[in-house]
Amino acid sequence: THKTRRTNPTAPPNAPPLQDAHAHHHLPLATLTMGSIINEDRLDALIMRLHEIEAVKFGDFKLKSGLMSPIYVDLRVIVSYPDVLSSVAGCMWEVLKANGAEFDNMCGVPYTALPIATCMSLEHQVPMLMRRKEVKDYGTKKAIEGAFAAGQTCLVVEDLVTSGASVMETVEPLEQVGLKVTDVVVLIDREQGGEARLQSNNLRLHAVLPLSRVLKTLEANGKMSRDLVDNVKAFIAANQTGPNASGNEMGAAEPPKRIAYAARAGLTENQCAKDLWALMDSKQTNLCVAADVATAAELLALADQIGPEICILKTHCDIYPDFDGGFGGKLMALAAKHNFLIFEDRKFADIGNTVVSQYGSGVHRIADWSHITNAHIVPGAGIIDGLKQVGLPKGRGLLLLAEMSSSGTMATGAYTEAAIAMAAKHPDFVMGFISVRPSLWTGAWSKGLVQMTPGVQLGGGGDGLGQQYNTPDRVIKECGSDVIIVGRGIYKAKDPVAAAAEYRRAGWDAYLSAL
């Protein structure tokens with residue numbers, strides 16, 4: 001029982017007494033392990049709920065430090081979900097109990113941890129203090145608000161810890177007013193050196209969930225692929241902070257190495273994909289040029305110029321006013337001369353019966369001369385069946401549009417996962433994807449499939465019309481793509497041949513450094 005200083009004369013007869021500001025809250029040392037204090041199923045349920053409300057997200061996020069992270073933990077959202085907030089506070093209290101923490105009061109790090117600390121304070125009748133993030137230059141001008149006495153021990157409550165810097169920003173003003181701080185409790189430890197930093201300041205960290213525990217549960221429940229888990233672990237290992245910045249608290253393996261192009265030829269059933277893997281390996285290029293020029297004559301001239309530098313030439317035959325029946329034969333001759341494949345960027349999006357005619361007949365007869373084409377999955381799997389009927393006997397390959405590089409694209413999330421699933425059912429004809437960052441995909445996919453990424457420029461940036469550009473190095477090494485697709489950076493250059501050679505070197509060097 002806690003000491004009481006006085007009772008509340010206006011409270012009902014059964015109301016609990018007000019707590020003495022000098023009372024010491026001792027949580028006796030538990031003999032049980034953390035796992036037996038907090039049931040593993042309960043932890044799993046909390047992790048899945050955090051993922052459901054997007055408190056844990058995967059993508060491409062710029063952190064406060066300026067680093068681009070594949071994972072983002074945003075616990076501010078839990079205030080809108082009382083069940084999650086209550087569960088978080090309960091689990092944090094159980095960890096403190098298991099670890100024998102002792103304290104007189106608690107202080108949440110502003111602002112995300114404030115509601116968590118409030119829940120713990122109300123549930124367990126522990127006095128709470130508040131640190132002002134911005135000290136006013138009027139009134140009491142206090143940095144720490146609340147009733148306390150010098151010499152008391154204050155528990156610091158935080159939502160997550162990365163480097164420990166935000167925790168220290170609260171510890172220091174608490175100590176300046178005479179409070180002692182020995183323990184810090186958090187929901188998630190990102191395992192990037194925060195615990196070591198706190199230990200160097202004689203602070204003990206109590207974490208409900210190491211980030212590695214979060215990854216384990218999400219992978220087991222199909223919310224993360226093995227590749228994505230490895231990618232996050234590699235990022236954490238490479239971005240340690242604090243006194244042991246070279247450490248690897250998560251126990252991540254070395255960043256996953258890329259499988260060589262030649263070896264991936266044996267992982268696909270599609271002949272066009274086999275040919276492409278072998279071509280890239282022997283010619284030492286992963287450059288595809290999007291030749292979005294105005295006429296067929298310009299395209300053929302450009303193909304002859306840059307052919308020695310590329311593995312694929314991407315066309316849009318329906319924009320050439322001078323397209324005729326001889327176009328396909330002339331382009332195929334240039335492809336044979338310079339050893340590259342032709343990719344007609346048709347983006348089929350109709351029902352199966354219609355695409356059979358669009359692909360195999362009509363004015364353009366695409367299947368007769370283009371090794372590769374692509375399709376949206378909006379119509380469903382029937383579009384693959386229709387295109388396969390025409391293309392497979394000719395040894396062609398199909399790319400599915402799993403992601404797009406334009407701003408505001410809807411080809412994300414469940415759409416991408418559906419494309420992965422469809423590809424798995426047609427390994428003989430689907431040769432890969434048009435993608436943006438497959439390294440972050442949650443679904444598993446065969447490494448025999450080719451990843452091709454548009455919107456590549458040496459300088460990055462955008463074009464003002466929604467196109468977002470990435471550099472060759474980032475596309476290959478960070479995003480996990482195999483083929484860089486470059487358009488205006490080459491065909492609008494003063495010297496397209498020199499520009500193609502430069503992009504070829506950049507793409508190939510990025511590939512070699514990832515092996």
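Heavy-atom basis, side chains included; hydrogens, waters and symmetry copies ignored.
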Just distance, no hydrogens or angles: give the donor-acceptor pairs under 3.5 Å from side chains in residues 424-432, sequence neighbours left out.
| unit_1 | atom_1 | unit_2 | atom_2 | d |
| --- | --- | --- | --- | --- |
| His426 | ND1 | Lys388 | NZ | 3.0 |
| Asp428 | OD1 | Lys388 | NZ | 3.2 |

For [X], enumerate each residue passing the side-chain contact (heavy atoms from CB on, under 4.5 Å) test, keeping only those at least two apart in sequence or located in another chain.
{"X": "Val390", "result": "Val356, Tyr359, Ala367"}
{"X": "Thr416", "result": "Ala402, Glu403, Ile420, Trp441"}
{"X": "Ala418", "result": "Ile377"}

When you measure from the side chain of [X] to the backbone N and O of [Y], does any donor-acceptor pair fall under 3.5 Å?
{"X": "Ser87", "Y": "Asp83", "value": "no"}
{"X": "Gln192", "Y": "Ile236", "value": "no"}
{"X": "Ser69", "Y": "Tyr72", "value": "no"}
{"X": "Gln451", "Y": "Ser435", "value": "no"}
{"X": "Tyr503", "Y": "Val289", "value": "no"}

Once you round to the nearest 0.5 Å, how far does [atom1] of [X] lie from [atom2] of [Y]?
{"X": "Ile71", "Y": "Leu215", "atom1": "CD1", "atom2": "CG", "answer": "5.5 Å"}
{"X": "Asp281", "Y": "Trp277", "atom1": "CG", "atom2": "CH2", "answer": "10.5 Å"}
{"X": "Leu287", "Y": "Glu502", "atom1": "CG", "atom2": "CD", "answer": "11.5 Å"}
{"X": "Asp230", "Y": "Met224", "atom1": "CG", "atom2": "CE", "answer": "9.0 Å"}
{"X": "Ser439", "Y": "Asp227", "atom1": "OG", "atom2": "CG", "answer": "8.5 Å"}

[Y] side chain reached by [X] side chain, heavy atoms, under 4.5 Å:
{"X": "Leu50", "Y": "Ile78", "value": "yes"}
{"X": "Thr315", "Y": "Phe343", "value": "no"}
{"X": "Val450", "Y": "Phe433", "value": "no"}
{"X": "Leu400", "Y": "Met422", "value": "yes"}
{"X": "Leu398", "Y": "Thr373", "value": "yes"}
{"X": "Leu331", "Y": "Leu300", "value": "yes"}
{"X": "Cys91", "Y": "Arg42", "value": "yes"}
{"X": "Asp159", "Y": "Ile188", "value": "no"}

Check side-chain hydrogen bond (donor to acceptor under 3.5 Å, both in side chains) between [X] and all other residues, then give those that pass, not counting sequence neighbours.
{"X": "Glu478", "answer": "Arg474"}
{"X": "Thr162", "answer": "none"}
{"X": "Thr217", "answer": "Asp44, Arg213"}
{"X": "Tyr111", "answer": "Glu134"}

Can you tell me if NZ on Lys347 sees more than 12 non-hydrogen neighbours from other groups inside 6.0 Å? yes
Please say whether more than 12 non-hydrogen atoms of neighbouring residues, nucleotides or ligands are located less than 6.0 Å from NZ in Lys223. no
Atom of [X], atom of [Y] and distance for their closest heavy-atom approach:
{"X": "Phe323", "Y": "Val363", "answer": "CE2-O, 3.6 Å"}
{"X": "Thr471", "Y": "Val456", "answer": "C-CG1, 4.0 Å"}
{"X": "Ile312", "Y": "Val483", "answer": "CD1-CG1, 4.4 Å"}
{"X": "Gly489", "Y": "Ala499", "answer": "O-CB, 3.7 Å"}
{"X": "Asp189", "Y": "Ala207", "answer": "CB-CB, 3.8 Å"}
{"X": "Cys288", "Y": "Lys314", "answer": "SG-CB, 3.8 Å"}

Might you work through the side-chain contact (heavy atoms from CB on, under 4.5 Å) test for Met452 and Leu399, ending with a clear yes or no? CA-CA 9 Å; Met452 295 179 56; Leu399 298 169; 3.5 Å; yes
side-chain contact (heavy atoms from CB on, under 4.5 Å) test vs Leu313 passes for just one of Ile342, Ile306, Leu341, namely Ile306
[X] with [Y]: basic N within carboxylate O range, under 4.0 Å:
{"X": "Glu54", "Y": "Lys57", "result": "no"}
{"X": "Asp318", "Y": "Arg346", "result": "no"}
{"X": "Arg505", "Y": "Asp509", "result": "no"}

Could you list the donor-acceptor pairs under 3.5 angstrom formed by side chains in residues 260-268, with sequence neighbours left out?
| unit_1 | atom_1 | unit_2 | atom_2 | d |
| --- | --- | --- | --- | --- |
| Tyr261 | OH | Asn286 | ND2 | 3.2 |
| Tyr261 | OH | Asp482 | O | 2.8 |
| Arg264 | NE | Lys447 | O | 2.6 |
| Arg264 | NH1 | Asp482 | OD1 | 2.5 |
| Arg264 | NH2 | Lys447 | O | 3.2 |
| Arg264 | NH2 | Leu449 | O | 3.0 |
| Arg264 | NH2 | Asp482 | OD2 | 3.1 |
| Thr268 | OG1 | Asn270 | N | 3.1 |

Quick one about Ser163 and Thr241 (side-chain donor to acceptor, distance below 3.5 Å, no hydrogens or angles considered), yes or no? no
Please list all pairs passing the side chain to side chain donor-acceptor pair (under 3.5 Å) test where one or both residues lie in [range], with sequence neighbours left out.
{"range": "residues 288-309", "value": "Thr295-Glu298, Asp304-Lys337, Asp304-His338, Glu309-Arg504"}
{"range": "residues 374-386", "value": "Asp345-Asn374"}
{"range": "residues 361-370", "value": "Arg365-Asp368, Asp368-Lys394"}

Using the ring of each side chain (for Trp, its six-membered ring), is Tyr320 parallel, tilted or perpendicular to Phe327, with breaks at 30° and 60°? tilted
Worked verdict on Val161 versus Arg190 for side-chain contact (heavy atoms from CB on, under 4.5 Å): CA-CA 6 Å; Val161 64; Arg190 282 184 62 113; over 6 Å; no
Tell me, with the steps shown, if Tyr415 and Met410 meet side-chain contact (heavy atoms from CB on, under 4.5 Å). CA-CA 8 Å; Tyr415 185 96; Met410 291 183 286; over 6 Å; no
Using the rule given for side-chain contact (heavy atoms from CB on, under 4.5 Å), can you reason through Val88 versus Val84, listing the C-alpha separation, both sets of side-chain angles and the distance that settles it, and then say yes or no? CA-CA 6 Å; Val88 166; Val84 180; 4.1 Å; yes
